[in-house]
There are 2 protein chains.
Amino acid sequence: MRRDVFQAIADPIRRDIIELLSEEALTVNQVAEQFEISRPAISKHLKILNECGLVTFQPSGRERLCMIQAQELIPAFLWIKQYNKLWEKRIDSFENYIHQLQTKYYESDDRQNTDH
Amino acid sequence: MRRDVFQAIADPIRRDIIELLSEEALTVNQVAEQFEISRPAISKHLKILNECGLVTFQPSGRERLCMIQAQELIPAFLWIKQYNKLWEKRIDSFENYIHQLQTKYYESDDRQNTDH
DNA sequence: TATATATGTAACATTTCGGTTACGCAAATT
DNA sequence: AATTTGCGTAACCGAAATGTTACATATATA
């Protein structure tokens, strides 16, 4: 099955794994320790991350060191980046908006914009 | 249900819808015409995009004009962007790599890096 | 007013996802 | 040699995703 980076980063646990591994390479168990779900579940997430190239493994004895391959994020980065022209149009100050995000980001709101 | 932008853009059809709407606002039917799947399926995709704020609707008579809200991509953009330090470390020429991507991007390869 | 059109949604089927437990096996340790 | 450890995977499960068809409804048109 051909995995896709967009699908890989859609899962919040996989994003957390990426964040962890961006700090340092870790063995599978070291990754699993950071989460509440079972080790096999983490193994599956790592497999998915590996299938789209975002994580590679360096076997060392019975352990496997998991390493992030951040360059695999570039296609997703570029896809999103092409829309910055659009969002910059509507936001007077981009820097200011980012600052707002950092504080208001997770508030709930009603996005629905229609009448019925 | 609280939708999340990462999950919204995980689906290739929804990414295509975003690309379409980034060119111009379209009615629901005009969007649906561009795809092989049924109109109700497109309606659902639009609903998901609306739930995370990426698309809003402007009703006009019995039609609804779908409009992209590109600024909702910013959180995803920033999340990915934080890893550019990592990927720039390993790529001598970033510009050159992008150029390679444009030609070699979709080739299949074997990502598996282990022995067993 | 009767009909056509644009659209949402319910009901349903199928597939995929994300988790679990149980187990197997190779490598390390005792 | 026996045991422990690290890890993959199979079998299974429930929930979520993604599509379909059928139908409801409001608006536009003849």
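Naming: A, B, ... by sequence-line order, numbering from 1 per chain. All heavy atoms count here, side chains included; hydrogens, waters and symmetry mates do not.
- The distance from atom CD of B/Glu33 to atom C1' of C/dA6 is 12 Å, rounded to the nearest whole Å.
- Phosphate contact (OP1/OP2 of C/dT7, side-chain N/O of B/Asn29, threshold under 4.0 Å): present.
- Remark: C1' of C/dA6 and CZ of B/Phe57 are 13 Å apart, rounded to the nearest angstrom.
- Protein atom NZ of A/Lys44 is 9 Å distant from nucleotide atom C1' of D/dT9, rounded to whole Å.
- For the residue pair B/Glu63 and B/Thr27, no side-chain donor N or O sits within less than 3.5 Å of a side-chain acceptor on the partner.
- Below the 3.5 angstrom threshold, one finds no donor paired with an acceptor across the side chain of B/Lys47 and the base of C/dT9.
- For the residue pair A/Gln7 and A/Arg14, the shortest heavy atom distance occurs at O-NH2, 3.3 Å.
- The same ILVMFWY cluster, assembled from side-chain heavy atoms under 4.5 Å apart, contains both A/Ile13 and A/Leu20.
- In this structure, B/Arg3 places its CZ atom 9 Å from C1' of D/dA16, rounding to the nearest Å.
- Between A/Ser38 and the phosphate of C/dG19, there is no side-chain N or O to OP1/OP2 separation shorter than 4.0 Å.
- With A/Cys66 as the partner, the side-chain contact (heavy atoms from CB on, under 4.5 Å) test is satisfied by one option alone out of A/Val55, A/Ile42, A/Asn50: A/Val55.
- Atom CD in B/Gln30 sits roughly 16 Å away from atom P in C/dT5 (whole-Å rounding).
- Listed candidates were D/dG19, D/dT18, D/dG6. Nearest to the side chain of B/Arg14 is D/dT18.
- Each of D/dG19, D/dC7, C/dA6 was ranked by its minimum atom distance to the side chain of B/Glu63; first place goes to C/dA6.
- Separating the CG atom of A/Leu65 from the P atom of D/dG6 is a distance of 14 Å, rounded to the nearest angstrom.
- Expressed to the nearest 0.5 Å, how far NZ of B/Lys81 lies from CZ of A/Phe77 amounts to 6.0 Å.
- Rounded to whole angstrom, the span from the CG atom of A/Leu26 across to the P atom of D/dG6 amounts to 14 Å.
- Between B/Ile37 atom CD1 and B/Lys44 atom NZ the span is 10.0 Å, to the nearest 0.5 Å.
- Note that CD of A/Glu72 and OG1 of A/Thr56 are 9.5 Å apart. Values are rounded to the nearest 0.5 Å.
- Residue B/His45 places at least one side-chain N or O closer than 4.0 Å to OP1 or OP2 of D/dG19.
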Listing time: all N or O pairs from protein to nucleotides 28-30 of chain D that are below 3.5 Å?
from: D/dA28; atom 1: O4'; to: B/Arg62; atom 2: NH1; distance (Å): 3.4

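- The distance between atom CG of A/Asp11 and atom C1' of C/dT16, rounded to the nearest whole Å, is 13 Å.
- Among D/dC7, C/dC17, C/dG19, the nucleotide with an atom closest to any side-chain atom of A/Ala41 is C/dG19.
- For A/Arg39, the side-chain atoms get nearest to D/dC7 when compared with the rest of C/dC17, D/dT21, D/dC7.
- In this model, the phosphate group of C/dT16 is not approached by any side-chain N or O of A/Gln7 to a distance below 4.0 Å at OP1 or OP2.
- Listed by chain and number, the residues in a side-chain hydrogen bond (donor to acceptor under 3.5 Å, both in side chains) with B/Glu19 are A/Trp79 (sequence neighbours excluded).
- The nucleotide whose nearest atom lies closest to any side-chain atom of B/Ile37 is, among C/dG19, C/dT7, D/dT20, D/dT20.
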